[in-house]
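Working notes, structure below.
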Amino acid sequence: MIKNTAVNYNGQGGMSMAAPYIASHSDLIQACYREVGIDPRNIDYIEAQGMGSPVADMAEWGACNQALKALAKEQGVVLEPGRCRVSTLKPMAGHMNSASALGALFKIICSLQTNTLHKILDFTEINPHLDTVNQPCGLAVRTEEWPKRNTLRLAGLHSYGASGNNAHVVIEEYLDESKVEGPKSKGTVDRPALIVLSAKNEDRLRVYAQNLLDYVHLRPLTPRLEDVAYTLQVGRQAMEERWSFLVKSVHELTEKLEAYVKAPAEMDGFWRGVVKTDPNGMTPLQEGEDSQESIDRWVIKGELEKLAELWSQGFVIDWNKLYGDTKPRRIRLPAYPFANERYWIQGNEDCGLRIAETGKELHPLVHENTSDVSELRFSSTFTGQESFFAVMQGQKVLLAAAYLELARVALERAVGVGSLEEGPTGMQIKNVTWADPIALNGQAKKINIGLFVQEDRPIQYEIYSEAEAPEKEPVVHGRGVGMPYLPNETATLDIPEMLGKINHYRYGAEQYYKDFKTMGSVYGSEHRGLETVYVGDQEVLAKLSLPASVLETQDPYILHPALIDAVFQACMGLMMEPGDPALLKPFFPFAMDKIEITGKCSASMWGWIRAPESSIEPVKQAIDRDDATGRTVSEGESARWLGFHKFDIDLCDDKGQVCVRMKGVDIRAYRDPVERATPEAICEVPSLEEDAGQVRRVGKVSGQRRQPGMRGLSIEECVTWDLKELLKNFLKVPSDKLDVDTHLTDFGFDSVSLVKFAKLLTEHYGHDITPSLFFGHSTIEQLTHYFLTEHLEAVQGFYHEDAGTENVPVRVTAEDRPTERITRSGRFRFLPHDTNLGGDGTDCDYWHERYVSEVA
C-alpha cells in the first residue's frame, strides 16, 4: 500500500539544475515520513535512485541518513546502525528513463511478497567517500531475509531528476484480514469445502496439484479454506481431466494434495473423471436439462458429495447458488501449468544457402526473417555467385546498387505496405550511407539488415555482418532511414527534347567498360546495363537496358541492381572524358541524401544525371584560381581533382514516366591502401577550402583526430571546436546556437542524455568520463578548461599538435569530413547521417574503407 508521497525542488541551493542537493533531499524524506507519523525505526529498506556517479550517490546516501537521524532526534528514539538497507534496481535493469521509479516500486512489492531484501547487483567495492560509520543506513551488499515484525513493514522509494525535481514514496505492507482463517461466511458453517481441480491431462493435473500445495506452504498468511474452494470453482475453466474432494481444514487440504502428488492411485475419499468434449468445448451432459432441477436442489441443500460426483462426470454446476447472498472472496491462486514444450523451428548453419538454392527466399536479396526479441531483422546468405556481385580489385563485391533494393524490401515488409505493383504507395529512403563493402573471398557470408521502428517516425536500418573474430564487433556496411512515400504529382521527362539539347559528346558502352577495366572494375555481361551515354554541360542522359543474361530475374525487383548500377556507372560521364588517362581509380557511391521510389523499373530505362548547384559551386570557385604551383585549374580538371562529385539522378521509362528519383548521390574515388598510408604524399595534394575556398598555410598534421575545420587552430580552440561538433550531432542543434558559456541543461539535457553524452565523450577521447563531470563543468567553456588542465598531455597527443612542422598549403571543402570505420554493437543502434566516421590513423587520409578515398 502506498502510504504517502512527497515531492520538492532543489531551488537555489544546488550547484546546478543537474546536481543533487543533500538538504532538499533530506527535507523531502523527513516531510514524507513526518506527515503520516512514521517511526524511523520501522523503515527497513530504502530503494534508491543509484545514479552511479560519485557526486550523485554521495548526495543521495547522505540525504537518507541525515533524514532518518533528524526524525529520530525529533521523536526521541535511538536508531540501530545499519539497520535500514539501501539498495537500487539500476545495476539490474539499467536506466529505465521515465519508468525508472515504477520499476523500483515493483522491486519493493516483490521484496515484500518474497520476504527478501535483494543486494545491489555486481557490488564489489564501497565508495571510500561514503560515510558508513554509525549511520542508520547500510548498503545491501548481500541478499537476505526480510523478517516480519509485530508492526507492518515499511520501505521508502527515492528518485530524482537532472532538472532538480525530487520525489519520495513510502510503501507499507498490506495485510488482508480476509485471508486469515476466521469466521466462516453465511451458509458454510459445519460444512466442508469442496475442492475441484481439472487439467488437459493427468500429467498437468499432478503439476497443478503440486503448485497449489507449494502455494499453501509458502503463503505468508494462511488463506481461508472457503476462499480457496470458491476461487477454484468459479475462477477456473473445467477441463477434461477432473479431480474433486472434500476437506475441513487447510491442514487436511495439504495432506490430500501431498497424497495425490506422491501416489494418486492409493488415495480414497475423492471423485475422479475424464470428460470428453466436442470441438466447441461442450460435454454431452451439458446438452440435456432434465436433471438441472435436481442439481439445483442439491446445491441449495449443500449435498457436496453428489455435486462432486456430478461435476467429475461432466455436469455444469452453478457454484454461486451454493453460498447464498454472502459469497467468499476470489483470491490469487496458481494459474494453469501449461506444458513447457518447444515449437521453434530448428535451423542450421547452411539454412540460408538451402533457402537460396530452393528458391523459397522472401526475395533474392532478402532471404528470411530472423527477428527475435532484441531486434527486427532480415538475413541473407550470399555465395558470391549471384548476379549482383561484381569483381572489383580482384574481389567479389556486392554492388552498391543492391544495398538500395535490399533496404527497400526490408523496409516494405517492416511497415506492411503493399508492393509498388499493387498500388501507388512508394518508398522514400534518406541519409543513405555505404560504409564497409561486402566482399567475399570464396566463402559464403551471412548479411543482416536490422531495423529500428518507432511509432510515427521513419524506420532506421543498418546492413551489417558478423566479424570474423568472435571478440570483434559486427561490421556495418550501410545504413539509412526509410518511410512509405506518396508523391504529390507524377513527374515526366521529355526524352526527345533532352537528346536535342545534350550534345557535348556521345560515349559508347564499349569505351565505357574498357575504361572501367583499366580502373580494376571488371564488369561481366550481367553488369553491362549501359547502351549509350550522352554528355552535355553538367548533365548526362544515359540509355539503360537490363542485360539479357539477367532479364529473367526482373520480376522480384523494383530497383534491379543491374539497372541502378548502370546509372551509377553513367555518372562517370561528368567526371572524365573517353580514354582519359588521368582516371586511374574506380569511383563508387559513398552517400546519398535521399531516394524516392514511386514505380517499378522496366527492362528499358533512361537515366538523367546532373550536378546540383551545391556540388558545382565549389568547382566554379576553383576556376581561375592558382594552386600552390601557380597552375590555373580548369573546370573539368577540378571535378577529377576533388576525387568525388555529387549528382541528382532521375530514372524514367521509354515514355518519360519517372519512377525513381535520387538526390545528392555522392560519388567518390577509390584509393589503394598503400597510397593511403603515405601522409606526406597525400598532404601535398591541394583541395578546396571550407571557408569560401581561400587557401591558407597550416602545419602538416599527422594526428588521428584533427579535422579539416581545426587546421591552424590552437589546442584550446580544437577542443572547443570538437565539443561543439559533438554536441551539434548529439542534440541536433545548429553550431551557432551552441554558446560556450551556456549551461548544458539549457540545451535540453536531462539525466538520461547526460549519461549518454558522457559515454560519447569517453568513446571519443578514450578517457573515462562520468556524468558527475557535468555537475562542476556545465558549459562548453568549462569542459574545455577541464580537458586542458586534467588531460593536457593526452589532448595534445590526441590532436597531434606540432608547432614546428613545415607549413604546406592545404584546401578542404565544406563537405570534407574525416570518415571512420563503423562497427556495430551487440544492441542495435543508429547513427545520424552526418556522424563522423573514423579513418586509418592519418588525418590527411580519411577514406571510405575499400570503396572510396578522399584527400584533404
Side-chain angles (χ1 to χ4, degrees), residues 350-359 361-368 378-410 432-449 462-468 474-478 512-513 516-517 519-530 544-572 585-590 601 667 670 848-852:
D350 64 345
C351 179
L353 287 176
R354 290 190 293 103
I355 292 175
E357 290 169 359
T358 58
E361 69 272 4
L362 301 175
H363 184 277
L365 282 161
V366 179
H367 292 171
E368 56 184 333
F378 295 91
S379 302
S380 304
T381 302
F382 300 128
T383 64
Q385 302 303 315
E386 295 84 356
S387 63
F388 35 76
F389 276 83
V391 178
M392 299 180 184
Q393 301 294 306
Q395 291 182 310
K396 283 290 189 72
V397 178
L398 181 67
L399 295 175
Y403 289 50
L404 299 176
E405 176 69 359
L406 192 160
R408 185 201 63 79
V409 174
V432 178
T433 301
W434 287 269
D436 210 317
I438 298 174
L440 305 185
N441 297 312
Q443 295 182 343
K445 191 170 189 177
K446 185 176 182 180
I447 302 299
N448 305 302
I449 178 169
E462 279 185 345
I463 300 172
Y464 66 96
S465 62
E466 299 300 327
E468 296 179 358
V475 179
V476 173
H477 302 286
Y512 226 88
Y513 289 109
F516 275 122
K517 187 175 181 180
M519 293 186 291
S521 298
V522 181
Y523 287 99
S525 60
E526 65 271 24
H527 305 128
R528 299 193 173 197
L530 283 176
L544 319 171
S545 63
L546 199 61
S549 57
V550 294
L551 191 59
E552 61 182 13
T553 68
Q554 178 184 0
D555 288 343
Y557 295 95
I558 298 297
L559 304 176
H560 199 292
L563 287 172
I564 302 302
D565 188 61
V567 81
F568 287 159
Q569 297 168 16
C571 293
M572 300 307 108
K585 301 298 177 184
F587 288 73
F588 298 98
F590 172 77
C601 291
I667 305 289
Y670 174 89
H848 174 41
E849 181 77 9
R850 295 186 184 176
Y851 262 99
V852 294

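The first residue of the sequence shown is numbered 1, and numbering continues consecutively from there.
Distance alone, capped at 3.5 Å, is enough to place a donor-acceptor pair between the His363 side chain and the Pro556 backbone. In this structure, Glu405 contributes its side chain and Ile558 its backbone to a donor-acceptor pair below 3.5 Å. Between the Gln554 side chain and the Glu552 main chain, no donor and acceptor come within less than 3.5 Å of each other. Formation of a donor-acceptor pair under 3.5 Å by the Ser380 side chain with backbone atoms of Leu365 is found in this model.
When all heavy atoms of Ala402 and Phe388 are compared, the pair lying nearest together is CB-CB, 4.2 Å. Considering every non-hydrogen atom in both Thr381 and Glu386, the closest pair reads O-OE2, 4.2 Å. The two residues Ala400 and Trp434 have their closest heavy-atom pair at O-NE1, 2.8 Å. Nearest heavy atom pair, residue Phe382 against residue Leu440, reads O-CD1, 3.7 Å.
With contacts defined as side-chain heavy-atom distances shorter than 4.5 Å, the pair Ile447/Ile438 qualifies. Phe389 has its side chain out of reach of Glu526: every pair of non-hydrogen atoms, C-beta onward, lies at least 4.5 Å apart. Residues Leu398 and Pro437 fail the side-chain proximity criterion, which asks for heavy atoms closer than 4.5 Å. Considering only heavy atoms from C-beta on, Glu466 comes within 4.5 Å of Asn448 through its side chain.
Distance check: Lys446 NZ to Glu368 CD gives 6.0 Å after rounding to the nearest 0.5 Å. We find the NE2-OG distance between His527 and Ser549 to be 8.0 Å, quoted to the nearest 0.5 Å.
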>> Quick one, Leu406 with Ile463, criterion side chain to side chain contact (heavy atoms under 4.5 Å, CB included). Give me CA distance, side-chain angles, the key distance, then yes/no.
In response: CA-CA 9 Å; Leu406 192 160; Ile463 300 172; 4.1 Å; yes
Could you pull out every donor-acceptor pair under 3.5 Å between side chains of residues 561-568 and any protein atom, sequence neighbours left out?
unit_1, atom_1, unit_2, atom_2, d
Asp565, OD2, Gln569, NE2, 2.7

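In terms of the side chain to side chain contact (heavy atoms under 4.5 Å, CB included) criterion, residue partners of Thr553 (sequence neighbours excluded) are, by chain and number, Val550, Tyr557, His560. Among residues two or more places apart in sequence or in another chain, the side chain to side chain contact (heavy atoms under 4.5 Å, CB included) test is passed with Gln385 by Thr383, Lys396.
Side-chain contact, Ser465 with His477: a donor N or O sits under 3.5 Å from an acceptor N or O.
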